[in-house]
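We use all heavy atoms of the structure for the numbers below, so side chains are in, but hydrogens, waters and symmetry mates are not.
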Amino acid sequence: MPPWKGSINELLSAEQIQKIEEALEGAPAGICVDKRGMRLNRYPGMLSNLNGDEEPFKVIASERPVTETGLVLISTMPIPEIERAVLVISTDEDFQQQIEGHALPSRTGKRVADQDQKTIFFYSIFQPAAALGL
């Protein structure tokens, strides 16, 4: 089988495409794909305060479902609210992404299983500046 060249016509017949278009004809604009049940990606990273001089927080940044904006930050240290933050994540072995935004104050896990662990984890929400309209 030859490699896919990126055209939908390579995967679907004209009849299949027509049926899909007919089925979606009345769908509202902005429809999104439901990711429930799908594994969300997690990336190692560092969160820094652009207005402060404290040490960066070592975090794991986890994607959220498509219905929720931002990333979940998981840390072993409590994260304060950070108005002007920069999150640097490694999305690939050779690629780092830098995102400016706002971090909400962290909280500890609410599950009983989280409270029984020797290491307490803190969870924060990071909203990229683009999602905030900044």
Worked check of side chain to side chain contact (heavy atoms under 4.5 Å, CB included) between Leu87 and Met46: CA-CA 6 Å; Leu87 175 64; Met46 299 294 280; over 6 Å; no
Residues Val72, Ile125; criterion side chain to side chain contact (heavy atoms under 4.5 Å, CB included); working and verdict: CA-CA 5 Å; Val72 174; Ile125 302 297; 3.9 Å; yes
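Considering all non-hydrogen atoms of both residues, Pro56 and Ser48 come closest at CB-OG, 3.4 Å. Closest non-hydrogen pair, Thr108 versus Tyr123, comes out as C-CD1, 4.1 Å. A pairwise comparison of heavy atoms in Pro105 and Ser124 identifies C-OG, 4.4 Å as the closest pair.
Linking Ile, Leu, Val, Met, Phe, Trp and Tyr whenever their side-chain heavy atoms come within less than 4.5 Å leaves Phe122 and Phe126 in two separate clusters. There is no path of hydrophobic side-chain contacts, each under 4.5 Å, that joins Val86 to Ile82. There is a path of hydrophobic side-chain contacts, each under 4.5 Å, that joins Met77 to Ile79. Connection of Ile74 to Leu47 is not established within any shared hydrophobic cluster, with ILVMFWY side chains joined at heavy-atom distances below 4.5 Å, either directly or through further cluster members. Both Ile99 and Phe57 belong to a common hydrophobic cluster when Ile, Leu, Val, Met, Phe, Trp and Tyr are linked at side-chain heavy-atom distances under 4.5 angstrom.
Using a 4.5 Å cut-off on side-chain heavy atoms (C-beta onward), Thr69 and Gln127 make contact. The shortest side-chain heavy-atom distance between Ile89 and Gln96 does not fall under the 4.5 Å cut-off.
The structure places CD1 of Ile60 at 12.0 Å from CG of Leu71, a figure rounded to the nearest 0.5 Å.
Glu63 places a side-chain N or O within donor-acceptor distance of the main-chain N or O of Asn41, the cut-off being under 3.5 Å. Checked by atom type and distance alone, the side chain of Arg42 never pairs as donor or acceptor with a backbone atom of Ser62 at under 3.5 Å.
Within 6.0 Å of the CD atom in Glu15, the count of heavy atoms belonging to other residues, nucleotides or ligands does not exceed 12.
For the residue pair Asn51/Glu83, the side-chain donor-acceptor check at 3.5 Å is not satisfied.
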